[in-house]
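Right, one structure below, let's go through it.
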Protein chains: 2
Amino acid sequence: MERKCSNLPFLLLMQTSKAIHERIKEEMTKNKLTITEFSVLEVLYQKGKQTIQQVGNCILISSGSMTYVIDKLEQRGLLGRTACPDDRRVIHVTLTYDGNELMNEIMPKYYELVDDMFDSLNSDEAEILIQLLKKVRNKV
Amino acid sequence: MERKCSNLPFLLLMQTSKAIHERIKEEMTKNKLTITEFSVLEVLYQKGKQTIQQVGNCILISSGSMTYVIDKLEQRGLLGRTACPDDRRVIHVTLTYDGNELMNEIMPKYYELVDDMFDSLNSDEAEILIQLLKKVRNKV
DNA sequence: TATTATTATCTCATATTCGAGATAATTTAA
DNA sequence: TTAAATTATCTCGAATATGAGATAATAATA
């Protein structure tokens with residue numbers, strides 16, 4: 001039952017994702033956003049109005065953290081809460097005009113950053129990477 | 001300048017690593033360790049006596065966080081600090097007997113967990129994944 | 001209808017992380 | 001030798017994350 005080298009794919013996967021995370025974090029600091037805040041805005045930017053829970057499920061943070069981050073973004077006027085008329089337990093959130101304007105600025109730079117980090121792969125390689133990662137993800 | 005699908009390799013990489021992280025976190029909770037604590041113990045288990053800074057460099061957390069996590073582990077008797085005789089600014093840390101015993105228990109299960117998560121890849125696929133991830137990592 | 005279970009959000013206490021600055025020791029250079 | 005720069009660690013405060021429990025509403029079932 002000898003082990004090759006402490007599972008190199010695992011180490012590289014974790015190192016690479018951590019490095020990418022750091023890079024994005026650094027970039028977002030310029031916009032005075034944490035990654036969590038950015039992730040919330042990104043979901044709303046792409047999907048429009050969502051419930052707090054929908055957003056939380058997308059970015060996988062706890063309900064306590066959601067309340068906190070939504071509070072922060074609301075205080076800064078980047079998004080707004082609105083009660084749901086059908087179900088009074090539910091609260092919707094949407095980007096404000098300011099929030100949308102901010103995202104119009106940020107998103108192109110963000111896409112560019114991400115694409116840059118992956119443009120060492122040609123489209124075949126990208127496709128292979130996708131397939132391999134899917135295999136791994138389905139086993140986790 | 002159309003974008004295919006918001007960079008699928010990126011999304012999958014981040015999703016997969018996050019899922020793996022969660023899985024390990026969950027596993028470590030059973031041992032009453034956070035991932036950071038485990039990472040510190042792992043470095044000491046594999047490399048033996050290290051300075052606080054060496055450990056911090058390995059696991060990439062700040063010196064403030066190092067002090068905190070080393071304090072916690074020292075209080076639980078899993079590791080010990082010893083002054084360095086050559087350089088009095090430096091502090092060494094090593095696993096205690098208890099710490100080593102704990103790691104003797106944990107590590108086989110940890111290796112098994114990690115190997116399980118990646119055993120859907122055959123050795124060719126693992127090699128390809130390594131190469132692709134290296135390409136990406138070098139561009140980050 | 002009344003009861004129970006589930007769901008969504010919020011509140012609060014606690015834990016973790018970081019960054020800035022403090023302290024203390026060592027090294028380098030004048 | 002003295003002064004300045006660097007290094008290693010620690011302290012402290014702020015920001016962020018979590019989990020448990022509270023609250024309130026809805027849905028399911030007897």
Side-chain angles (χ1 to χ4, degrees), chain A residues 18-19 21-44 49-76 78-94, chain B residues 18 21-41 43-44 49-76 78-94:
Chain A
K18 182 156 189 171
H21 193 267
E22 288 302 309
R23 191 87 158 62
I24 295 175
K25 180 178 167 185
E26 202 178 294
E27 186 65 24
M28 285 306 149
T29 303
K30 295 179 192 166
N31 306 306
K32 306 232 184 291
L33 292 174
T34 64
I35 290 201
T36 304
E37 287 168 343
F38 170 67
S39 304
V40 170
L41 298 178
E42 188 189 10
V43 170
L44 297 179
K49 180 185 284 187
Q50 297 279 298
T51 69
I52 289 180
Q53 185 147 64
Q54 284 174 321
V55 179
N57 288 340
C58 280
I59 65 177
L60 298 179
I61 67 170
S62 68
S63 76
S65 304
M66 275 307 295
T67 300
Y68 175 80
V69 67
I70 298 282
D71 281 351
K72 289 281 166 191
L73 293 170
E74 191 174 29
Q75 280 160 29
R76 285 171 62 182
L78 298 175
L79 56 74
R81 285 174 161 98
T82 45
C84 172
D86 301 330
D87 186 336
R88 283 197 287 164
R89 295 168 307 175
V90 173
I91 292 180
H92 287 294
V93 281
T94 33
Chain B
K18 181 155 190 171
H21 194 268
E22 287 301 310
R23 190 86 157 64
I24 294 175
K25 180 179 169 186
E26 200 179 297
E27 186 65 23
M28 284 307 152
T29 303
K30 296 180 193 166
N31 306 307
K32 307 231 184 291
L33 293 173
T34 65
I35 290 201
T36 305
E37 287 167 343
F38 170 68
S39 303
V40 169
L41 297 178
V43 170
L44 297 179
K49 181 184 283 188
Q50 297 279 298
T51 70
I52 288 180
Q53 186 148 65
Q54 284 174 319
V55 179
N57 289 340
C58 281
I59 66 177
L60 298 179
I61 66 169
S62 69
S63 76
S65 302
M66 276 307 295
T67 300
Y68 175 81
V69 66
I70 297 284
D71 281 351
K72 287 281 166 192
L73 293 170
E74 190 174 31
Q75 281 159 26
R76 285 172 61 183
L78 297 176
L79 56 73
R81 285 174 160 98
T82 45
C84 172
D86 301 330
D87 186 336
R88 283 197 288 163
R89 294 167 306 174
V90 174
I91 292 181
H92 287 294
V93 280
T94 34

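Computation of the quantities below employed the complete heavy-atom set of this structure, encompassing side-chain atoms and omitting hydrogens, waters and symmetry-equivalent molecules.
- The shortest distance between the side-chain N/O atoms of A/T36 and the OP1/OP2 oxygens of D/dA17 is below 4.0 Å.
- Taking CD1 of A/I35 as the start and OG1 of A/T29 as the end, the distance is 8.0 Å to the nearest 0.5 Å.
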For nucleotides 1-10 of chain D, give me every protein contact, N/O to N/O, under 3.5 Å, one pair per line with atom names.
{"residue": "D/dT7", "atom": "O2", "partner": "B/R89", "partner atom": "NH1", "Å": "3.2"}
{"residue": "D/dA8", "atom": "OP1", "partner": "B/Q53", "partner atom": "OE1", "Å": "2.8"}
{"residue": "D/dA8", "atom": "OP2", "partner": "B/Q53", "partner atom": "OE1", "Å": "2.3"}
{"residue": "D/dA8", "atom": "OP2", "partner": "B/Q53", "partner atom": "NE2", "Å": "3.3"}
{"residue": "D/dA8", "atom": "O5'", "partner": "B/Q53", "partner atom": "OE1", "Å": "3.0"}
{"residue": "D/dA8", "atom": "O3'", "partner": "B/R89", "partner atom": "O", "Å": "3.4"}
{"residue": "D/dT9", "atom": "OP1", "partner": "B/I91", "partner atom": "N", "Å": "2.9"}
{"residue": "D/dT9", "atom": "OP1", "partner": "B/I91", "partner atom": "O", "Å": "3.1"}
{"residue": "D/dT9", "atom": "OP2", "partner": "B/Q53", "partner atom": "N", "Å": "3.0"}
{"residue": "D/dC10", "atom": "OP1", "partner": "B/R81", "partner atom": "NE", "Å": "3.0"}
{"residue": "D/dC10", "atom": "OP1", "partner": "B/R81", "partner atom": "NH2", "Å": "3.4"}
{"residue": "D/dC10", "atom": "OP2", "partner": "B/T67", "partner atom": "OG1", "Å": "3.4"}
{"residue": "D/dC10", "atom": "OP2", "partner": "B/R81", "partner atom": "NH2", "Å": "3.3"}
{"residue": "D/dC10", "atom": "N4", "partner": "B/S63", "partner atom": "OG", "Å": "3.1"}

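- The interatomic distance linking A/Q75 (CD) with C/dC10 (C1') rounds to 14 Å, in whole Å.
- Note: CZ (A/R88) to P (D/dA27) measures 12 Å, nearest angstrom.
- Nucleotide C/dT17 holds its C1' atom 13 Å from the NZ atom of B/K72, rounded to whole Å.
- Partners of A/K30 under the side-chain hydrogen bond (donor to acceptor under 3.5 Å, both in side chains) rule, at least two apart in sequence or in another chain, are A/E27.
- Considering only residues two or more places apart in sequence or on other chains, A/D87 meets the side-chain hydrogen bond (donor to acceptor under 3.5 Å, both in side chains) condition with A/R89.
- Here the P atom of nucleotide C/dA15 and the CD1 atom of B/I61 are 17 Å apart, to the nearest Å.
- The 5' end of DNA chain D is approached more closely, in terms of each residue's nearest nucleotide, by A/S65 than by the other of A/S65 and A/P85.
- The structure places NZ of A/K25 at 10.0 Å from OG1 of A/T36, a figure rounded to the nearest 0.5 Å.
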task = Before giving the answer on side chain to side chain contact (heavy atoms under 4.5 Å, CB included), spell out for B/I91 and B/I70 the whole-Å C-alpha distance, their side-chain angles and the decisive distance to 0.1 Å.
result = CA-CA 11 Å; B/I91 292 181; B/I70 297 284; over 6 Å; no
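- B/D71 contributes atom CG, which lies 9.5 Å from atom CG of B/L79 (distance to the nearest 0.5 angstrom).
- Within 6.0 Å of NE2 on A/H92 lie more than 12 heavy atoms contributed by other residues, nucleotides or ligands.
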remark   = Writing each nucleotide of DNA chain D 5' to 3' as (, ), [, ], | or . by Watson-Crick or G-U pairing under 3.5 Å yields ||||||||||||||||||||||||||||||
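- Between B/Y68 atom OH and C/dG19 atom C1' the separation is 17 Å, expressed in whole Å.
- For B/S62 and C/dT17, the shortest distance from a side-chain N or O to OP1 or OP2 is not below 4.0 Å.
- With a 4.5 Å cut-off on side-chain heavy atoms, B/E74 and B/V93 do not count as touching.
- Distance CG (B/L73) to P (C/dA15): 15 Å, rounded to an integer number of Å.
- The closest side-chain heavy-atom distance from B/V43 to B/S39 is not below 4.5 Å.
- Under the rule for a side-chain hydrogen bond (donor to acceptor under 3.5 Å, both in side chains), B/T67 has no partner lying at least two apart in sequence or in another chain.
- Distance check, rounded to the nearest 0.5 Å: NZ of A/K32 to CZ of A/R76 gives 9.0 Å.
- Of the residues in residues 23-34 of chain B, none has a non-hydrogen atom less than 4.0 angstrom from any atom of DNA chain D.
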